[in-house]
Structure formats: structure tokens, C-alpha cells
Amino acid sequence: MNKPIIAIDGPAGAGKSTVARMAADKLGYLYIDTGAMYRAVAYKALQAGTPLSDPAKIAHIARKLDIHFEMIENEQHIFADGEDITLAIRTADATRLSSPVSAIAGVRKRLVDLQRKMAENGGVVMEGRDIGTVVFPDAEVKIFLTASVTARAQRRADQLKEMGMKSDIEQIAADIRERDLRDSSRKHAPLKQAPGASLVETDNMTVEQVVDGIIAIHNKMVAA
Ligand code: DC
């Protein structure tokens, strides 16, 4: 039997990346950040100067794009057509564009195909918005990770402070609300809790508690 697939979905800023990475580390599983893949397409569209008004061209960029992940000094890096774009996909422009880009059906089709291929041998923790609903509806472990807008905005502001950057918490909260609305109201694969997913509300939980909870669900499933 293949090792399980752990699907973690939830809105931006709920802490998915941190807990998914830690759970993958503890289990010796592969960690796949699917948001980074949508960001990669947004980055390539920006680089090519392709406007959002031309979704067919953006879908074409996605189809042609070679994406792979590589561990470098214990950090996961993402490469697009051989270029390390790990940092470039985190700019404000790439972040802003990634949401409308991820609403394009042709982009989703290509990235979902790639995600299924990457996880074909199991033993994967994959996080995103549609992993438990669309990419792997039969994943052995499904988690819907969330937190209030206030908690998510505060975490983001703390991160920026740590990086020595100033931030406006009201603006961050407004951006989060806007992204939530767009991600959960879009036509293709909107963000929602998958049937059978465990709901984890992280407002009053430490990262360790969340990771331990996910591993407990995984271990129970494996033992069953
Ligand atoms: O998780 P993130 O902020 O890096 O994701 C970037 C964008 O991609 C975000 O607007 C939601 C979208 N996304 C998606 O539609 N489906 C996924 N599986 C992952 C991310």
C-alpha cells in the first residue's frame, strides 16, 4: 500500500505552510506548496507582460512551464524553467496576481495534473485551497485549517515586523478579506471545507499543537 496523502486546505494566513512543512518533516514525507505553483504562473505572466485580460495566453504559459521543487540547505526552493523563483514569487505584485491567475480554468487544469503526478507514490503533505476537494478527494487525511481574520492579520504583521518591515494591520486585514472572498467565490475549485475534512481552528493553538493534532489523525488512519 502507498503511504498516505495528507491534504491541507484553508485560507491565506491560517498557518498552512508552517504546519504542513513541519508535519512533512516529522513523518519523512514530501511537502508540496501548491500556492507556490500558482504564484509561479503569476510571476511568469508578469515577466512576459501578459495581462489578465488574456486568460488563454496565461493558460498557455502554465502549460509550457516546467516547475519543480528542490531542497537546498533544508529549505524548499521552487524552480520555473530552471530559474530559482523562491523569493521572486513572494513580491506584492506576484501575490496580488496569483489570485486572479488561479481562477483561470486552464491554469488549474495544468497545475492539478502536475500535483497529482508529484504525489503519485504517496507519502506527501500537500497544502492549498482545493487539495481535499479536487486534487485528492480520496486523500487518506484531510484537514481544513483556518483562523479568524484578526488572528491571521496579526500573524502577518508580526512576520513583516520580524523582517524589519512596517505594516498597517487594517490594510492587511482588508487584503485578507478580499483574497478570501475571491478564493471562495470563484467558479473553479473555490475554497471550501472538503467532505470528511477535520476542521482545525488555530486562533488559540500553538504551531506544535496543530502539527501534533495532524500527526495524531494520520497515525490513527494508518493504524486502522
Ligand atoms: O497559498 P498562497 O497564498 O501562496 O496561494 C497563492 C494563490 O493561489 C491564492 O490566491 C490562492 C491560490 N491557490 C489556489 O487557488 N489553489 C491552490 N491549491 C493553492 C493556491
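We count ligands from 1, going down the list as the structure has it; atoms in each ligand are counted the same way.
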Please state which protein non-hydrogen atom is closest to [atom] and give its distance, to 0.1 Å?
atom: atom 19 (C) of ligand 1; answer: T34 OG1, 3.4 Å
atom: atom 20 (C) of ligand 1; answer: G35 CA, 3.6 Å
atom: atom 8 (O) of ligand 1; answer: Y38 CB, 3.5 Å
atom: atom 1 (O) of ligand 1; answer: R129 NH1, 2.9 Å
atom: atom 7 (C) of ligand 1; answer: S98 OG, 3.4 Å

Hey, does [Y] have a side-chain heavy atom less than 4.5 Å from the side chain of [X]?
X: E127; Y: L145; result: no
X: V211; Y: I214; result: no
X: F144; Y: L191; result: yes
X: L52; Y: L97; result: yes

>> Quick one, Y43 with V101, criterion side-chain contact (heavy atoms from CB on, under 4.5 Å). Give me CA distance, side-chain angles, the key distance, then yes/no.
In response: CA-CA 10 Å; Y43 168 79; V101 158; over 6 Å; no
Provide the number and element of each atom of ligand 1 under 4.0 Å from a heavy atom of [X].
X: D183; result: 9 (C), 10 (O), 11 (C)
X: S99; result: 10 (O)
X: R39; result: 2 (P), 3 (O), 4 (O), 6 (C)

With nothing but distance in play, are any N or O atoms of [X] less than 3.5 Å from an N or O of ligand 1?
X: D33; result: no
X: E127; result: no
X: D130; result: yes

>> Can a donor-acceptor pair be found, under 3.5 Å and without considering hydrogens, that links the side chain of K3 to the backbone of N121?
In response: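 Pair absent, no side-chain N/O of K3 close to backbone of N121.
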> Is a side-chain donor or acceptor of E140 paired with a backbone partner of M221 at a separation under 3.5 angstrom?
Replying inline: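 Not at all, since once roles are kept as given, no pair shorter than 3.5 Å links the two residues.
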>> Is the ring pair H68/F79 parallel, tilted or perpendicular, if the boundaries are 30 and 60 degrees?
In response: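 Aromatic pair H68/F79 classed parallel.
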>> Please determine whether the number of non-hydrogen atoms from other residues, nucleotides or ligands lying under 6.0 Å from atom CD of E170 exceeds 12.
In response: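 Incorrect, the count does not exceed 12.
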> Is the shortest distance from a heavy atom of R108 to ligand 1 less than 4.0 Å?
Replying inline: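 Under 4.0 Å: yes for R108.
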>> I'd like to know if M37 contacts ligand 1, where contact means a heavy-atom distance under 4.0 Å to any ligand atom.
In response: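 So M37 does not count as touching ligand 1.
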